[in-house]
Amino acid sequence: MKGFPAHLAVDGAAPPLDAGARPMVPELASALAEELIRRADEERCLMRQAHVNATVQCRRVIVECREANAEALRLIVHRHGWPTADQVGARASTAALMILLHAPDLDFQLDCSDLIAQAAADGRCPALHHAYIADHCAVEQGRPQFYGTRVNPVTFRPYAIRQPQTLDERRRDVGLGPIEEQLRALREGG
């Protein structure tokens with residue numbers, strides 16, 4: 001597994017997490033985007049391999065990959081703020097979200113959830129990104145989720161949902177379809 005590029009690393013102590021957008025030179029934005037996409041693609045590849053050959057070694061490699069990816073993302077966030085779509089592009093911002101969702105540190109996820117919420121409110125990243133991380137954090141904390149993005153893999157039903165009577169309205173507001181469509185697609189293997 002490739003290490004985190006030295007030119008993207010934090011020098012010395014990391015500043016506190018900050019929601020504000022920081023101007024970024026195009027070369028840096030491009031390097032960050034490339035790094036985030038590479039890391040997310042690497043994990044996706046490892047997951048495909050694990051589906052074919054699920055071994056203890058495969059699971060260990062995935063855990064190590066997720067830990068390394070989370071640490072790299074933590075350094076990026078501390079140095080440059082959340083990698084928003086307007087800074088690094090939609091694909092890299094989504095890759096950052098995927099890395100965050102698989103990060104083993106709930107406190108880091110919660111901190112980034114606040115950054116993503118602000119970036120979504122400012123139009124710098126899709127509201128959908130906030131929906132996914134907000135639901136993820138809620139479920140991990142044993143609280144009801146707000147958008148129904150987290151589904152129990154055993155029952156194919158969403159984990160507990162806050163105010164279920166208005167769920168589809170909230171989902172529509174962030175670009176998600178009705179919950180029943182999502183559940184039907186899951187049951188059909190889509």
Q: Could you list the residues that satisfy side-chain hydrogen bond (donor to acceptor under 3.5 Å, both in side chains) with S93, not counting sequence neighbours?
A: none
Q: List for me each residue that meets side-chain contact (heavy atoms from CB on, under 4.5 Å) alongside D107, sequence neighbours excluded, and say none if there are none.
A: D105, L110
Q: Please table the atom pairs, donor to acceptor, closer than 3.5 Å between any side-chain atom in residues 151-158 and protein atoms at least two apart or in another chain.
A:
{"from": "N152", "atom 1": "OD1", "to": "V154", "atom 2": "N", "distance (Å)": "2.7"}
{"from": "N152", "atom 1": "OD1", "to": "T155", "atom 2": "N", "distance (Å)": "3.4"}
{"from": "T155", "atom 1": "OG1", "to": "R157", "atom 2": "N", "distance (Å)": "3.2"}

Q: Who are the side-chain hydrogen bond (donor to acceptor under 3.5 Å, both in side chains) partners of Q145, not counting sequence neighbours?
A: none
Q: Sequence neighbours left out, what passes side-chain hydrogen bond (donor to acceptor under 3.5 Å, both in side chains) with R59? Give chain and number order.
A: none
Q: To the nearest 0.5 Å, tell me how far I179 CD1 sits from I161 CD1.
A: 5.0 Å
Q: When you measure from the side chain of S113 to the backbone N and O of Q109, does any donor-acceptor pair fall under 3.5 Å?
A: no
Q: Go through it in stages, so that I can follow the logic: the residues are N69 and H102, the test is side-chain contact (heavy atoms from CB on, under 4.5 Å), and I'd like the CA-CA distance, side-chain angles, deciding distance and then a yes or no.
A: CA-CA 9 Å; N69 286 352; H102 296 154; over 6 Å; no
Q: Rounded to the nearest 0.5 Å, what separation is found between the SG atom of C45 and the CZ atom of R38?
A: 12.0 Å
Q: So, do H80 and L28 sit near enough that their side-chain heavy atoms are less than 4.5 Å apart?
A: yes
Q: With sequence neighbours left out, write down each residue that passes side-chain contact (heavy atoms from CB on, under 4.5 Å) with Q57, or none if nothing qualifies.
A: T55, R60, V61
Q: Could you check if a side-chain atom of L73 sits within less than 4.5 angstrom of a side-chain atom of W82, using non-hydrogen atoms only?
A: yes
Q: Using only heavy-atom distances, determine whether the side chains of R124 and Q118 contain a donor-acceptor pair under 3.5 Å.
A: no
Q: Applying the salt bridge (charged side-chain N to carboxylate O under 4.0 Å, His left out) criterion to R39, which one of E35, E42, E43 satisfies it?
A: E35
Q: Taking V139 as the starting point, is it possible to reach M98 by hopping between hydrophobic residues whose side chains are less than 4.5 Å apart?
A: no
Q: Quick one: do I37 and L97 end up in the same hydrophobic cluster if we chain Ile, Leu, Val, Met, Phe, Trp and Tyr together by side-chain heavy atoms under 4.5 Å apart?
A: no
Q: Which is it for H51 and R48 under the side-chain contact (heavy atoms from CB on, under 4.5 Å) test, yes or no, and what are the steps along the way?
A: CA-CA 5 Å; H51 279 80; R48 278 194 300 272; 5.7 Å; no
Q: Indicate if V52 and M47 have the same hydrophobic cluster label, given that clusters are the connected sets of ILVMFWY residues with side-chain heavy-atom separations under 4.5 angstrom.
A: no
Q: Is R74 close to V77 at the side-chain level, that is, under 4.5 Å between some pair of heavy atoms?
A: no
Q: Excluding sequence neighbours, so at least two apart, what forms salt bridge (charged side-chain N to carboxylate O under 4.0 Å, His left out) with R172?
A: none
Q: Kindly write out the residues that satisfy side-chain contact (heavy atoms from CB on, under 4.5 Å) with S30, not counting sequence neighbours, or none if the list is empty.
A: none
Q: What heavy-atom pair brings P104 and A70 nearest, and what distance separates the two atoms?
A: CD-CB, 3.8 Å
Q: Minimum heavy-atom separation for A120 to P126, with atom names?
A: CB-O, 4.1 Å
Q: Restricting to salt bridge (charged side-chain N to carboxylate O under 4.0 Å, His left out), what partner residues turn up for E140, sequence neighbours left out?
A: R150
Q: Are L106 and C137 close enough that some pair of their side-chain heavy atoms sits under 4.5 Å apart?
A: yes
Q: Taking only residues at least two apart or on different chains, which pairs with a member in residues 158-170 satisfy salt bridge (Lys or Arg N to Asp or Glu O under 4.0 Å)?
A: none
Q: How many angstroms lie between atom OG1 of T149 and atom CG of L128, to the nearest 0.5 angstrom?
A: 8.5 Å
Q: Might you work through the side-chain contact (heavy atoms from CB on, under 4.5 Å) test for I116 and C125, ending with a clear yes or no?
A: CA-CA 7 Å; I116 295 168; C125 76; 4.0 Å; yes
Q: Evaluate side-chain contact (heavy atoms from CB on, under 4.5 Å) for Q49 paired with N53, printing each intermediate quantity in order.
A: CA-CA 6 Å; Q49 291 171 3; N53 183 23; over 6 Å; no
Q: Using side-chain hydrogen bond (donor to acceptor under 3.5 Å, both in side chains) as the criterion, list what pairs up with R44, not counting sequence neighbours.
A: D41
Q: Are any side-chain N or O atoms of R171 and backbone N or O atoms of L176, one a donor and one an acceptor, separated by less than 3.5 Å?
A: no
Q: Test of understanding: with side-chain contact (heavy atoms from CB on, under 4.5 Å), list the residues that count as partners of A117, not counting sequence neighbours.
A: H130
Q: With rounding to the nearest 0.5 Å, note down the distance linking OG1 in T84 to NE2 in H129.
A: 10.5 Å
Q: Would you name the heavy atoms of L36 and A95 that are closest together and state the gap between them?
A: O-CB, 3.6 Å
Q: If you define the side chain from C-beta out and look only at heavy atoms, does anything of L100 sit under 4.5 Å from F108?
A: yes
Q: Look at the side-chain heavy atoms of Ile, Leu, Val, Met, Phe, Trp and Tyr, link any pair under 4.5 Å apart, and say whether L46 and V56 land in one connected group.
A: no
Q: Could you tell me which non-hydrogen atom of L167 sits nearest to which non-hydrogen atom of F146, and how far apart they are?
A: CD1-O, 3.5 Å
Q: Kindly compute the distance separating CD (Q87) from CD1 (I76), expressed to the nearest 0.5 Å.
A: 11.0 Å
Q: Can you name the closest pair of heavy atoms from A40 and I99 and give their distance?
A: N-CD1, 4.2 Å
Q: Tell me whether Y132 shares a hydrophobic cluster with V174, the cluster being built from Ile, Leu, Val, Met, Phe, Trp, Tyr side chains joined at under 4.5 Å.
A: yes
